[in-house]
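Predicted, not measured: the structure shown is a model, and the values here were computed from it.
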Amino acid sequence: QVQLVESGGGLVQAGGSVRLSCAASGRTFSSNAMGWFRQGRGKEREFVAAISWSGGSTYYADSVKGRFTISRDNAKNTMYLQMNSLKPEDTAVYYCAAAPYMNGGQRLKSSGMYDYWGQGTQVTVSS
């Protein structure tokens with residue numbers, strides 16, 4: 001059993017920055033690839049970023065590449081998503097997820113690769 005708790009969301013102006021955190025407990029955090037997904041109102045959940053167990057491999061959606069940075073601190077059982085140059089279209093509920101794999105390459109862009117999800121945190125970007 002894995003528990004994932006996101007934090008750090010809120011209201012930010014376009015062009016601003018936000019850092020999301022995902023605190024994990026339960027299964028050995030350092031053995032799992034992790035990911036961030038988001039779901040805007042009326043939209044399907046979409047991939048944002050993923051990171052391998054060691055942090056050595058990262059993957060991004062084209063829409064956030066160059067603006068968002070995913071990282072992790074295995075000593076703190078926490079994953080982060082630094083979001084810069086935010087746009088109104090980044091408005092969504094952001095979810096963190098854990099995969100039962102150490103890495104998965106490009107397959108980590110699929111939500112089906114993950115077996116545990118957090119409850120989500122809202123990020124709203126005003127124009």
Side-chain angles (χ1 to χ4, degrees):
Q1 193 79 336
V2 175
Q3 293 78 43
L4 302 173
V5 179
E6 303 95 335
S7 61
L11 177 64
V12 62
Q13 288 189 334
S17 298
V18 167
R19 188 176 83 156
L20 303 182
S21 299
C22 174
S25 61
R27 189 166 67 194
T28 305
F29 175 78
S30 60
S31 298
N32 299 118
M34 302 285 293
W36 288 99
F37 288 76
R38 67 186 181 187
Q39 187 167 17
R41 185 173 296 181
K43 299 181 180 180
E44 293 186 355
R45 188 172 298 188
E46 63 175 357
F47 169 77
V48 175
I51 189 166
S52 64
W53 68 280
S54 66
S57 297
T58 57
Y59 311 90
Y60 295 95
D62 289 343
S63 60
V64 307
K65 201 171 294 183
R67 299 189 297 124
F68 291 11
T69 301
I70 189 171
S71 62
R72 65 191 296 162
D73 185 338
N74 287 344
K76 296 182 178 180
N77 285 358
T78 303
M79 175 179 66
Y80 305 97
L81 184 67
Q82 178 67 44
M83 304 189 294
N84 299 329
S85 302
L86 283 162
K87 306 174 182 180
E89 51 264 43
D90 295 318
T91 295
V93 177
Y94 283 73
Y95 299 89
C96 69
Y101 313 102
M102 298 179 78
N103 198 351
Q106 297 295 325
R107 292 174 297 168
L108 288 175
K109 295 182 177 181
S110 169
S111 60
M113 287 286 287
Y114 301 85
D115 57 351
Y116 288 99
W117 295 81
Q119 82 290 347
T121 185
Q122 176 72 46
V123 174
T124 301
V125 184
S126 63
S127 57

>> On a heavy-atom basis, which atom in Leu108 and which in Ala50 lie closest, and how many Å separate them?
In response: CB-CB, 3.8 Å
> OG of Ser7 to OH of Tyr80: how many Å apart, nearest 0.5 Å?
Replying inline: 9.0 Å
>> Suppose we screen for salt bridge (charged side-chain N to carboxylate O under 4.0 Å, His left out). Which residues come up paired with Asp73, at least two apart in sequence or across chains?
In response: none
>> To the closest 0.5 Å, what do you measure between CE (Met113) and OH (Tyr101)?
In response: 5.0 Å
> Any side-chain heavy-atom pair from Met34 and Ile70 closer than 4.5 angstrom?
Replying inline: no
>> If the condition is ring-ring contact (aromatic ring centres under 6.0 Å, His included), which residues does Phe37 pass it with, not counting sequence neighbours?
In response: Phe47, Tyr114, Trp117
> Judged by atom type as modelled, is there a donor-acceptor pair below 3.5 Å linking the side chain of Arg72 to the main-chain atoms of Ser52?
Replying inline: yes
> Does Tyr94 offer a backbone N or O that forms a donor-acceptor pair with the side chain of Thr121 under 3.5 Å?
Replying inline: no
Please tabulate, one pair per line, all N/O donor-acceptor pairs under 3.5 Å involving side-chain atoms of residues 8-25, not counting sequence neighbours.
{"residue": "Ser17", "atom": "OG", "partner": "Asn84", "partner atom": "OD1", "Å": "2.9"}
{"residue": "Ser25", "atom": "OG", "partner": "Gln3", "partner atom": "OE1", "Å": "3.1"}

>> Check this for me: does any side-chain nitrogen of one of Asp62 and Lys65 sit under 4.0 Å from a carboxylate oxygen of the other?
In response: yes
>> Test of understanding: clusters of I, L, V, M, F, W, Y form through side-chain heavy atoms closer than 4.5 Å, transitively. Do Val2 and Leu81 belong to the same one?
In response: yes
> Is there a donor-acceptor pair closer than 3.5 Å between any side-chain N or O of Arg45 and the backbone N or O of Tyr95?
Replying inline: no
> What distance do Asn103 atom CG and Ile51 atom CD1 have between them, rounded to the nearest 0.5 Å?
Replying inline: 10.0 Å
> Do Asp90 and Phe68 have side-chain heavy atoms sitting under 4.5 Å apart?
Replying inline: yes
> Looking at OG of Ser30 and CG of Asn77, how far apart are the two atoms once the value is rounded to the nearest 0.5 Å?
Replying inline: 7.5 Å
>> Is there a side chain to side chain contact (heavy atoms under 4.5 Å, CB included) between Gln1 and Tyr116? Walk through the geometry before answering.
In response: CA-CA 8 Å; Gln1 193 79 336; Tyr116 288 99; 3.5 Å; yes
> Under a 4.5 Å side-chain heavy-atom rule over Ile, Leu, Val, Met, Phe, Trp and Tyr, are Trp36 and Met83 clustered together?
Replying inline: yes
>> If hydrophobic clusters are built by linking Ile, Leu, Val, Met, Phe, Trp and Tyr wherever their side-chain heavy atoms come under 4.5 Å apart, do Val64 and Val123 end up in the same one?
In response: yes
>> How long is the straight-line distance from CE of Met79 back to CD of Glu6, given to the nearest 0.5 Å?
In response: 8.0 Å
>> If the test is side chain to side chain contact (heavy atoms under 4.5 Å, CB included), which one of Gln122, Arg41, Gln119, Arg38 qualifies with Val93?
In response: Gln122
